[in-house]
Amino acid sequence: MMVWFFLSLCWLSQPEIDAVNLSYRFNEGETNVYLEDVEMTIKGDFLIDASRTSTMKYRRQERCTGKNGENFTVENIFTNVEKSADFMEEAVPINRFSDTPIQMMVAPNGNINNLQVDAAQTFKAQEMTYIQNFCKRLYTLLPAKRVRPGESWKDQIVITLDSPILRNMDQIIDLTYTFRGMEKLNGANLAKIEITGTMRGTVDQGQFGSFTGNIRGAMYVNPSLGKEIRSDVDYEIQANLIFPEGDFFYSTTMKLSRVLNLTEQIR
């Protein structure tokens with residue numbers, strides 16, 4: 001009995017096997033550069049062509065300027081925007097605020113607060129709303145604690161945005177993140193996080209139609225650095241639009257990729 005009790009104490013004192021701490025961490029003065037890509041394809045019977053595909057590339061420079069309690073003060077600047085078609089600008093209008101510093105407080109789990117935009121008075125109300133919505137998705141939600149492989153956590157994002165076709169689209173995104181364990185990627189030992197989810201929404205409160213979609217992807221985090229290293233997420237969206245001329249259907253596929261450019265990291 002005493003032997004069993006002793007072994008039990010030894011087991012309880014052992015660290016959680018395979019558990020890792022998943023949270024964001026920044027050092028004051030640290031600068032990171034992410035290279036981000038968006039590819040979007042739209043198919044619909046109202047298009048002249050069977051489908052239209054467009055791409056966009058840009059750099060996001062992220063700099064930590066301080067810390068307030070557990071939260072970090074982070075400045076993000078989007079630069080070097082390249083796009084292949086005008087309708088991508090309608091869907092992802094980064095050109096409107098490129099080279100504009102955007103300050104925010106980032107919590108260890110990735111939640112954003114106190115967003116401030118330089119020269120905010122030069123942006124229209126609609127543009128400011130877009131900036132706020134866009135920045136909500138800069139940092140994928142992390143549990144900010146130790147987790148074991150197979151553990152999951154959830155997030156919901158509610159936004160209103162414009163599409164290349166219609167405006168004032170209310171969108172609800174429900175996401176599930178699952179830690180799948182550690183993997184080697186480009187020589188580094190990274191935590192793999194599986195991303196799955198659904199989306200739903202309406203256009204002008206449903207009077208012009210509705211849409212649904214599925215989300216799938218993966219994100220890789222370096223737990224020792226507290227940094228996202230890479231993510232690839234695919235969206236598949238189907239919509240039913242209501243016009244006086246009749247109903248129209250269209251589908252959209254969107255691929256989002258993000259990678260930390262380690263050669264430009266400044267500590």
Side-chain angles (χ1 to χ4, degrees), residues 24 34 36-40 42 54-63 65 71-83 85-107 109-141 155-175 197-213 215 231 233 235 237 239 241-242 250 252 254-256 258:
Y24 292 99
Y34 285 90
E36 309 197 7
D37 292 81
V38 183
E39 180 181 295
M40 180 184 295
I42 295 181
S54 183
T55 60
M56 175 176 282
K57 297 182 179 182
Y58 54 90
R59 290 160 49 96
R60 175 169 64 88
Q61 178 177 293
E62 166 193 87
R63 183 170 67 93
T65 60
N71 298 329
F72 303 92
T73 305
V74 179
E75 176 187 83
N76 278 280
I77 303 177
F78 300 87
T79 64
N80 300 79
V81 180
E82 299 177 10
K83 58 186 178 67
D86 290 337
F87 86 88
M88 177 62 84
E89 174 67 13
E90 289 295 317
V92 191
I94 294 178
N95 266 337
R96 302 180 193 176
F97 55 91
S98 63
D99 301 313
T100 299
I102 303 173
Q103 291 82 27
M104 61 196 72
M105 296 296 296
V106 181
N109 69 351
N111 281 337
I112 291 175
N113 291 292
N114 300 331
L115 188 143
Q116 299 179 14
V117 182
D118 277 16
Q121 68 277 6
T122 63
F123 294 95
K124 300 177 182 178
Q126 185 182 38
E127 292 173 331
M128 286 298 298
T129 298
Y130 179 85
I131 294 173
Q132 293 168 354
N133 287 337
F134 188 82
C135 289
K136 284 181 182 179
R137 295 174 287 182
L138 285 183
Y139 299 96
T140 301
L141 183 70
D155 190 20
Q156 185 180 82
I157 302 173
V158 180
I159 58 178
T160 298
L161 48 74
D162 296 337
S163 80
I165 302 164
L166 291 174
R167 300 184 181 279
N168 194 22
M169 301 176 69
D170 296 319
Q171 185 178 108
I172 300 174
I173 302 174
D174 291 301
L175 295 162
T198 60
M199 59 189 303
R200 63 190 188 277
T202 59
V203 182
D204 272 350
Q205 300 180 345
Q207 63 178 330
F208 291 117
S210 61
F211 56 92
T212 59
I215 303 166
S231 61
V233 183
Y235 292 76
I237 306 166
L241 308 181
I242 304 172
Y250 83 91
T252 300
M254 186 163 61
K255 298 179 180 294
L256 281 69
R258 175 187 296 163

Please report the interatomic distance CD1(Ile112) to CD(Gln132), rounded to the nearest 0.5 Å.
11.0 Å
Rounded to the nearest 0.5 angstrom, the CG-CG distance for Asn71 and Asn114 is 8.5 Å
For Phe211, the ring-ring contact (aromatic ring centres under 6.0 Å, His included) test, sequence neighbours excluded, returns none
Please report the interatomic distance CD(Glu82) to CZ(Arg59), rounded to the nearest 0.5 Å.
10.5 Å
I need the Gln61 CD to Thr79 OG1 distance, nearest 0.5 Å.
7.0 Å
Reported CG-to-OG1 distance for the pair Asn109 and Thr140, which is rounded to 0.5 angstrom:
11.5 Å
Taking all non-hydrogen atoms of both residues into account, name the closest pair between Ser98 and Val81 and its distance.
CB-CG2, 4.0 Å
Where do Asp37 and Lys255 land on the salt bridge (charged side-chain N to carboxylate O under 4.0 Å, His left out) test, with the steps shown first?
CA-CA 8 Å; Asp37 292 81; Lys255 298 179 180 294; over 6 Å; no
Going from OG1 on Thr55 to CE on Met40, what distance comes out if it is rounded to the nearest 0.5 angstrom?
11.0 Å
With sequence neighbours excluded, what pairs up with Tyr139 under the ring-ring contact (aromatic ring centres under 6.0 Å, His included) test?
Tyr24
Determine yes or no for a side-chain-to-main-chain donor-acceptor pair under 3.5 angstrom, with Arg258 supplying the side chain and Leu138 the backbone.
yes
Could you pull out the closest heavy-atom pair between Asp155 and Leu141, with the gap in Å?
CB-CD2, 3.6 Å
